[in-house]
Amino acid sequence: AFETYEAALGLDAGDDELRSRYAQVATALERPLDAARTLGRVGMMVKEPAVRSRLSAELGELLLAGGDVKKARATFVALLAAEGADPAATLRASRALLDIYDPAREGAAVAEALERIVRLEPDDDLRQETAERLAAIYEGSDALRPKAIGAWEALLETRGRRRALEALI
């Protein structure tokens, strides 16, 4: 099955469903790095930015599953810098980078990832939890107070409204 998916990807690397199934098979067979190499190769044929970003998110996840954290990180960072990236791919990359970054050394990068998640997360509970975490990071610094206010304001339309109002007052 693995080789069949590889051949099919050579014909249509832009097929999201096909790539997803391929990644599942590769992971089940414990071959995520092989799949990552294939996606990297066939991804060069994809021209549409949104599709390319979704492919990059899958590529980064496969690299991470295979233990190549350095390449996964570079892939996710490149996805975030790309013009026209799909919001769902941006969300996936931001979540993954949040797990990769060292908060003690890369606080600004962690905050950027959290900001993206707050902006893109469709689940209210997860968005609220992330916004609270972001606000807590920003509250520790007077220079970042405006950003803390922005993070709390993002909570005004959620179940965390009361806590946000208390923090803003």
Side-chain angles (χ1 to χ4, degrees), residues 9 13-28 30-40 42-43 46 48-140 144 147-148 150-160 163-164:
L9 279 170
D15 185 331
D16 292 338
E17 179 79 20
L18 178 63
R19 285 193 321 274
S20 176
R21 288 183 188 170
Y22 177 61
Q24 289 172 351
V25 168
T27 302
E30 298 181 2
R31 295 180 63 185
L33 293 178
D34 292 335
R37 278 190 287 281
T38 299
L39 282 185
V42 300
V46 176
E48 185 183 333
V51 175
R52 182 181 284 272
S53 66
R54 290 191 298 272
L55 186 144
S56 292
E58 290 165 348
L59 174 60
E61 289 167 351
L62 286 167
L63 289 165
L64 204 52
D68 195 339
V69 177
K70 187 175 179 181
K71 282 185 183 176
R73 179 183 175 134
T75 300
F76 291 132
V77 168
L79 184 162
L80 296 177
E83 291 288 324
D86 180 76
T90 299
L91 182 59
R92 287 169 70 182
S94 297
R95 286 178 183 151
L97 284 169
L98 200 54
D99 291 334
I100 294 171
Y101 290 144
D102 177 3
R105 291 191 342 225
E106 300 172 290
V110 168
E112 279 182 37
L114 290 170
E115 285 176 357
R116 273 192 230 79
I117 294 169
V118 167
R119 214 174 39 251
L120 298 171
E121 179 58 60
D123 181 279
D124 288 337
D125 292 336
L126 290 175
R127 187 172 54 252
Q128 176 182 338
E129 180 183 312
T130 305
E132 287 177 7
R133 183 174 170 195
L134 180 61
I137 288 171
Y138 285 149
E139 278 185 330
L144 298 174
K147 288 189 174 204
W152 285 119
E153 285 175 344
L155 289 168
L156 290 175
E157 301 301 320
T158 69
R159 291 182 304 104
R163 184 156 183 241

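For the single chain, residues carry numbers from 1 onward in sequence order.
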**Q** Which residues pass the salt bridge (Lys or Arg N to Asp or Glu O under 4.0 Å) test with Arg37, not counting sequence neighbours?
**A**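 Asp34.
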
**Q** Which heavy atom in Leu33 sits nearest to a heavy atom in Gly66, and how many Å separate them?
**A**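 What the structure gives for the nearest pair is CD1-O, 3.6 Å.
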
**Q** Can you measure from CD (Glu129) to CD1 (Ile117) and round to the nearest 0.5 angstrom?
**A**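 With rounding to 0.5 Å, CD (Glu129) is 10.0 Å from CD1 (Ile117).
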
**Q** Under the side-chain hydrogen bond (donor to acceptor under 3.5 Å, both in side chains) test, which residues partner Tyr101, sequence neighbours left out?
**A**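 With sequence neighbours excluded, Tyr101 shows a side-chain hydrogen bond (donor to acceptor under 3.5 Å, both in side chains) to no residue whatsoever.
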
**Q** Run the ring pair (Phe, Tyr, Trp, His ring centres under 6.0 Å) test against Phe76 and tell me which residues pass, sequence neighbours left out.
**A**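 Applying ring pair (Phe, Tyr, Trp, His ring centres under 6.0 Å) to Phe76 gives none.
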
**Q** Leu79 and Ala85: which non-hydrogen atoms are nearest, and at how many Å?
**A**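 Reported closest heavy-atom pair: O-CB, 3.9 Å.
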
**Q** If you define the side chain from C-beta out and look only at heavy atoms, does anything of Glu115 sit under 4.5 Å from Tyr138?
**A**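 When only atoms from C-beta onward are counted, Tyr138 and Glu115 do touch, with a gap below 4.5 Å.
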
**Q** Grab the two heavy atoms, one from Leu126 and one from Asp123, that are nearest each other, plus how far apart they are.
**A**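 Heavy-atom minimum between the residues: N-OD1, 2.8 Å.
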
**Q** Could you pull out every donor-acceptor pair under 3.5 Å between side chains of residues 56-63 and any protein atom, sequence neighbours left out?
**A**
from, atom 1, to, atom 2, distance (Å)
Ser56, OG, Arg52, O, 3.0
Glu58, OE1, Arg19, NE, 2.6
Glu61, OE1, Arg92, NH2, 2.4
Glu61, OE2, Arg92, NE, 3.0
Glu61, OE2, Arg92, NH2, 3.4

**Q** With a 4.5 Å limit on heavy-atom distance, are the side chains of Leu114 and Arg133 in contact?
**A**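 They are in side-chain contact.
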
**Q** Look up atom CG in Leu120 and atom CZ in Arg95, then write down how far apart they are to the nearest 0.5 Å.
**A**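 Here the rounded value is 9.0 Å.
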
**Q** About how many Å separate OH of Tyr22 and OG1 of Thr38, when rounded to the nearest 0.5 Å?
**A**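 OH of Tyr22 is found 3.0 Å from OG1 of Thr38.
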
**Q** Which pairs pass side-chain hydrogen bond (donor to acceptor under 3.5 Å, both in side chains) with one or both residues in residues 67-80, sequence neighbours excluded?
**A**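 The answer is Arg73-Glu106.
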
**Q** Any heavy-atom pair between the side chains of Arg116 and Glu121 that's under 4.5 Å?
**A**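 No, too far: nothing below the 4.5 Å cut-off.
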
**Q** Enumerate the side-chain hydrogen bond (donor to acceptor under 3.5 Å, both in side chains) contacts for residues 76-90, please, sequence neighbours excluded, ordered by first and then second residue.
**A**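 Applying side-chain hydrogen bond (donor to acceptor under 3.5 Å, both in side chains) to every pair that reaches into residues 76-90, excluding sequence neighbours, yields Arg54-Asp86.
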
**Q** Leu64 and Ala96: which non-hydrogen atoms are nearest, and at how many Å?
**A**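 Looking at all heavy atoms of both residues, the shortest contact is CD2-CB, 4.5 Å.
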
**Q** For Leu55 versus Ala13, what's the shortest heavy-atom pair and its separation?
**A**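 Heavy atoms of Leu55 and Ala13 come nearest at CD1-O, 3.8 Å.
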
